[in-house]
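So the structure is just underneath, and the comments pick up after that.
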Amino acid sequence: MKKIVLAAVNAKYVHSNPGVYSLCAYALQCNPGADIETLSFTINRSADQIIEEIVLANPDLIGFSCYIWNITLIRQITVTLHAILPDTQIWLGGPEVSYCAQEMLKSLPVTGVMTGEGEITFATLVREFLLGEAGDYKRVRGIVTRDFATEEAELIVMDDLPFFYRDFPKEQFDHKILYYETSRGCPYMCAYCLSSIEKQLRFKSLGKVYEELQFFLERRVKQVKFVDRTFNCDPDHALAIWKYLKEHDNGVTNFHFEIAAETLRDDALELIGTMRPGLLRLEIGVQSTDPGTLKKIHRQMDLVKCRRVVETLLQNGNVILHLDLIAGLPGEGYERFVQSFNDVFLMHPHELQLGFLKVLKGTSIEQTAVEAGIVYEQEPPYEVLFTKDIRYEELRRLKAVEEMLEIYYNSGQFARSIAYLLRFFPTPYAMFEALSVYYREKGYQIIQSSRLKRYEILLAFFEEKVEKDSTRMREYLVYDLYARENLKKRPKFAGEEAKEAADYYRGNRQLMFDTHVEKLLGPDGKKRLYLFDYRDRDPVTGNAVISDITEEV
Ligand code: SF4
């Protein structure tokens, strides 16, 4: 029996690649008994280690699923793999090769490239491959080889997709984010996005979705990330699924969705407001608040509605909200981007992602990049270097701000300290920028600084650049630190331990182990005793439950 391997090279261990599992399950459904195996790696593994594992699997045909984050490594792997296994067919598929198949065939020793959606193409490729001499790849739709290219395969009916997680071993669920889809395609036309090309929107029937969701719920998996491009583009479909999740909540699993704020209806907002805190994570791409830029990228965005939706979601306090911005978009210069940053930051999301434009092959922005004056990296991730609106140096300043934002805001570890610090700066951007300049001046390395060191740096920054009297700032830092972590060793800047703690515990060792007592300034400016209880954390912020115990001691 000929052996077929599908290889996924993921960006992180916690990621799983639904693409290869779906391809494998569908190919097995169409070719029962075929010997198809999936192998998963991460980009942190060396090419040598990955090659060794593949060679040991001894495939006659191997398929790689290619994305922006793994293509450089896969290029390296295919060259060496072909030298070791010259008779093994190597096929590439995925968004990173679909729009440049000829270029891949010219530069790499691969047999062919599968373009477009993979399931039907791969299943027919397997069929023809297993037929041996009698097989004919010309019957496979959606492939490009050195000799010929076939027309695109038809799009799969969503209900025909097998639910591949059913065959997963239990340990594959642990500590992994599981990706799930209920629709393919997107009705929007954002110029930088590959999903805007695939216009045919298709949905799984709700009955099938419920049955599959029930599987995740019964196994109590930690997180399910919906990969539907705009989950609520059909508001009724979205509402029905959210209702199901609310009614069948297992108290453990959380679900992540990418949504459009302007199509989020009031009935959905109302329903979301009644859900278990932490059940949903919602991601909304704002990208820019400049109407001219939004128009240039063909992005529909009603900022007034977006603000209202964000405000309502935050008022309810039960959803983790993530907003996105993209720097380097056409028509947006540095100053205007700073305004977008401040506008979105002041919506107070739990996380704000400052991303940078990537000019992906096949997108409309790629075709108009020269005319729009967008200069970008010629190798993955094809990130913008400068445009006619924003200089290289300005984008580097934004990069430094993004690092500060990740550490001091998106981590959620400095909530009170940052809120206090913001009072001393005219805008949020000004604060993060000043912090990034301080990091550079001091030569601090982002990756080298430990979590505790980051608190110390923030304190030093405050004392050197903001105010000498850091009494309040210390209080907030201590609060933030203990809100997240039951530290074994007390940091120096926290000063003396509260003497009253011993009275409170009265020798209760278990309570001492599970909690922490700290004396901090209360809202009235007087010192109060606070208990940080780590047995029960806030599902939205991840913080310990904190209570005022002054009267109990
Ligand atoms: S960015 Fe989002 S909304 Fe726009 S085309 Fe892509 S998936 Fe659709």
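Atom set for the values below is all heavy atoms of this structure, side chains included, hydrogens, waters and symmetry mates excluded. Start at 1 and go down the list; that is how both ligands and their atoms are numbered. Note that the structure is predicted; figures quoted are calculated from it, not measured.
Remark: aromatic rings of Phe163 and Phe215 are close, center separation under 6.0 Å.
Relative to the six-membered ring of Tyr376, Lys358 misses at least one condition, a distance below 6.0 Å or an angle of at most 45° to the axis.
Around atom 4 (Fe) of ligand 1, the protein N, O or S atoms closer than 2.8 Å are Cys190 SG, listed by chain and residue number.
Contacts of Leu346 classified as side chain to side chain contact (heavy atoms under 4.5 Å, CB included), with partners at least two apart in sequence or in another chain: His348, Pro428.
Shown are Phe345, Tyr429, Phe341; of these, the ring-ring contact (aromatic ring centres under 6.0 Å, His included) with Tyr409 is made only by Phe345.
Ion pair Arg276/Asp249 flagged as a salt bridge, since at least one NZ, NE, NH1 or NH2 atom sits closer than 4.0 Å to an Asp/Glu carboxylate oxygen.
In this structure the side chain of Tyr180 reaches within 4.5 angstrom of the side chain of Leu213, judged on heavy atoms.
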